[in-house]
Asks: 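The structure is given below, and queries will be raised subsequently.
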Amino acid sequence: MAAIETDEDDFEIDAEDLDDSPVTGSVSEQLSLLVNDLHITYRVFGAKKVGHGPAKEQSALQKFLSRGASSQQGVREVHAVRGISFSARHGESIGIIGVNGSGKSTLLRAIAGLIPPAQGSVYVAGDPALLGVNAVLMGDLTGERNIMIGGLALGLTPQQVKDRYQDVVDFAEIGEFVNLPMKSYSSGMGQRLRFAISASAVPDILMIDEALSTGDAGFRAKSKARINEVREAAGTVFLVSHSLATVKSMCERVLWVHQGQLVMDGPAEEVCKHYRRFVVASREAAKAKADAEK
Amino acid sequence: MTASEPATPTVPPPLERTYDPAWVEETARSNGLERMGVRPRLGEYLGELWRRRTFIRVLAVSKSQASNQNTYLGQVWALLTPILNAAVYILIFGFILKVGRAGIENTIAFIVVGVFFFRFFERSIHAGSKAIRSNLNLVRSVHFPRAVLPVSGVLAELTTLLPALVVMCLIAYFSGLLPNEGDVPLAWRWFLLIPAVILTWAFSTGCAFIMARLVAQTPDIDNLIPFGTRLLMYASGVIFSIDHFLGSFSWGWIMKYQPVAVYLELARSAILNEPSAPLDPTMWLIGLGWAIVFLVGGFLFFWQGEETYGRN
């Protein structure tokens, strides 16, 4: 749980970087997303026995022999999302918060149709686009190639990509680096470029996974403006972030996900207040434990 | 820490909220929502794939350009690797073991054509097997028909093959001028190389579809591929004449008419002047048949797993 390892609730972003004006958009009555009783299970290869402490010492022979018998340990099913239901309307911007490993990113991917649900259903209007900071396009290729590939993957025509090319480069602020392979980029440059590419198409549903935790204040301001554009075009925006300041400044509604389940769904202020209380309590509990061990 | 603060963090109980399935379906319809994570119908899928043809092409060309980027010679390796590969086989099987000489007039040309064509097929299989796994980041961030990946993987190999084919033809022609080797005259039938490449391409794409789904679902299969392709190499007469070595067996015809051997023979019958590889319309029909069977079958097989890709 990363949230309890630091002294600040909003350790990624200084609150004063973000202006306090609430994001505005016209929320229509039309639904853009409907999620019903969603369950997601992952297959994970190479998983070791789960338990506390290191595995019991075994001789090489024992290890070899037990490998066949316990082969089910090699593949594990992880139940990441366990029965989540909610709906969203056009023009809404929704934050998803929760501690690490609570299933936020998985939920987002399932909504985008990138991970098939094990149970339940997801109904979406139009084509959702997921924007994650981890989504490497192709590291061996130049930024210019990646802009083309990313744009085409998002469903733009080659002409549209060419028209928006300069915008993307300017938005990402990568300048001359656009002609170098992406693997030579700094992590911030890569993330900015990915955001710029994803934002070059105006999707019906834009999902942002931790993307705004990077970049300087200027870039975040531009990102916020971009998100507002999407919302004005009657799109829905989802934002996963550990930073409550980001969530509060960008979203009016917040979902709190805990251990794969939805524990709270409501106005940003209220949910964030409860979540902050929980994080503070967690931190106190961790401190108390550390004190007790001393 | 004061006593008033809670000792254990509390999380509200999960919201017990599920919608009635009938209401969900009705609402989805009235709001024009589409269900995600289900396999699209075949017609829609093909249409979507066709709309992404530029994407396929750009992806293929980019991949092919990026493949040798980390070397000093760069794209020269695309030509050098198959030449060196062929040289090793010619040296060992043609001149030391003499396996490649029996029943063949021009060993160099025979092995060069065999190696260049087989290499394309082999690399297409690899491209197919890696299609989903090595593009997992792309698969998990953007929504597009996944068939784009194996198709563009094989297309990338084809773009690498085309310049290599020019080198192949040059080697075949000049080997005919050597005193010990059979003549390889320029002829109109050299143009038959074009349909031979197209058929091999279609067949390889079909195989890539099959491998892509198998490896995406069972990654272990990836480890078996090198053995499979090695076996196929010896079973397809890349470096020796199937007729000469296996023709006498009752099962020799299986080796002769299996797809990879058919495509090698088609390519050889177009370029070489070998009595063992004459122009044979039956072979062309069989080659066309295999291409259609594998392309259509492989595509359907891949499409049936569409909604499962990206799950691991």
Side-chain angles (χ1 to χ4, degrees), chain A residues 30-34 36-37 42-45 83 85-87 109-117 121-125 127-132 134-138 140-141 145 148-150 152-155 157-158 181 256 258 261-265 274 278-279 281-282 284-285 287-288 291, chain B residues 1 5-21 23-25 27-39 48 51-52 54-59 61-63 65-67 69-70 135 137-144 148 217 219 306-312:
Chain A
Q30 281 275 23
L31 289 184
S32 64
L33 179 77
L34 191 53
N36 190 26
D37 195 25
Y42 264 116
R43 226 173 6 144
V44 179
F45 286 93
S85 307
F86 68 93
S87 61
R109 287 194 170 134
I111 299 170
L114 303 168
I115 303 175
S121 51
V122 179
Y123 293 86
V124 173
D127 241 347
L130 178 70
L131 170 62
N134 300 321
V136 181
L137 294 168
M138 295 178 106
D140 280 340
L141 301 179
R145 276 276 145 186
M148 194 67 184
I149 290 174
L152 291 172
L154 287 167
T157 65
W256 177 4
H258 190 75
Q261 288 168 315
L262 194 59
V263 293
M264 222 175 200
D265 173 2
H274 281 92
F278 161 72
V279 170
S282 301
E284 293 297 342
K287 248 188 219 157
D291 288 343
Chain B
M1 186 174 158
E5 274 172 309
T8 49
T10 48
V11 178
L15 298 176
E16 295 292 338
R17 179 169 69 180
T18 45
Y19 302 118
D20 175 36
W23 177 84
V24 168
E25 250 176 61
T27 317
R29 198 160 343 111
S30 63
N31 286 288
L33 306 185
E34 266 179 60
R35 188 158 179 186
M36 294 304 279
V38 291
R39 191 196 321 153
E48 190 62 26
R51 273 192 293 283
R52 300 293 175 115
T54 328
F55 179 38
I56 296 177
R57 208 191 60 229
V58 171
L59 204 56
V61 173
S62 312
K63 265 187 200 164
Q65 282 171 356
S67 58
Q69 216 179 38
N70 296 326
N135 290 307
N137 280 320
L138 200 57
V139 168
R140 284 188 178 165
S141 9
V142 199
H143 202 67
F144 59 89
V148 162
Q217 290 176 344
E306 175 76 6
E307 73 278 15
T308 65
Y309 303 130
R311 195 158 171 184
N312 296 324

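Lettering of chains follows the sequences in order, A, B, ..., and the numbering in each one begins at 1. Bear in mind the structure is a predicted one, so any value in this text is a computation, not a measurement. Any value given below was found using the heavy atoms of this structure, including those in side chains, with hydrogens, waters and symmetry copies removed.
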Asks: Pick from A:L33, A:L262, A:I111: which one has the most heavy-atom pairs with chain B under 4.5 Å?
Replies: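 Of the options given, most contacts go to A:L262.
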Asks: Please look at B:R35 and chain A and tell me whether the side chain, the backbone, both or neither of the residue comes under 4.5 angstrom of a heavy atom of that chain.
Replies: both
Asks: Please classify the contact of B:V139 with chain A as side chain, backbone, both or neither, using a heavy-atom distance under 4.5 Å.
Replies: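 Looking at B:V139, just its backbone touches chain A.
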Asks: Side chain to side chain contact (heavy atoms under 4.5 Å, CB included) for B:Q65 and A:L141? Distances and angles first, verdict last.
Replies: CA-CA 9 Å; B:Q65 282 171 356; A:L141 301 179; 5.5 Å; no
Asks: Within this structure, what is the CG-CE distance for the pair B:L59 and A:M148, rounded to the nearest 0.5 Å?
Replies: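 Separation between the atoms: 11.5 Å.
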Asks: Is any side-chain heavy atom of A:L34 closer than 4.5 Å to a side-chain heavy atom of B:Y19?
Replies: yes
Asks: Provide the closest heavy-atom pair for A:L152 versus B:R52 in the form atom of the first, atom of the second, distance.
Replies: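 The answer is O-NH1, 3.5 Å.
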Asks: Which one wins on heavy-atom pair count under 4.5 Å against chain B: A:S121, A:A125, A:G83, A:A153?
Replies: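 Highest number of heavy-atom pairs under 4.5 Å: A:A153.
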Asks: Do you know which of A:D265, A:D140, A:D291, A:V122 has the most heavy-atom pairs with chain B at a distance under 4.5 angstrom?
Replies: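 Going by pairs under 4.5 Å, I would pick A:V122.
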Asks: Ignoring hydrogens, what is the shortest heavy-atom contact between B:V58 and A:I149? Give both atom names and the distance.
Replies: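 Shortest heavy-atom separation between B:V58 and A:I149 comes out as CG1-CG1, 3.9 Å.
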Asks: Would you say B:W23 and A:N36 make side-chain contact, with heavy atoms under 4.5 Å?
Replies: no
Asks: Taking atom CD of B:E34 as the centre, report whether more than 12 heavy atoms of other residues, nucleotides or ligands fall under 6.0 Å from it.
Replies: no
Asks: So what's closer than 4.5 Å to chain B heavy atoms on A:T157: side chain, backbone, both or neither?
Replies: neither
Asks: Can you tell me how far apart OG1 (B:T27) and OH (A:Y123) are? Round to the nearest 0.5 Å.
Replies: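 Here the rounded value is 9.5 Å.
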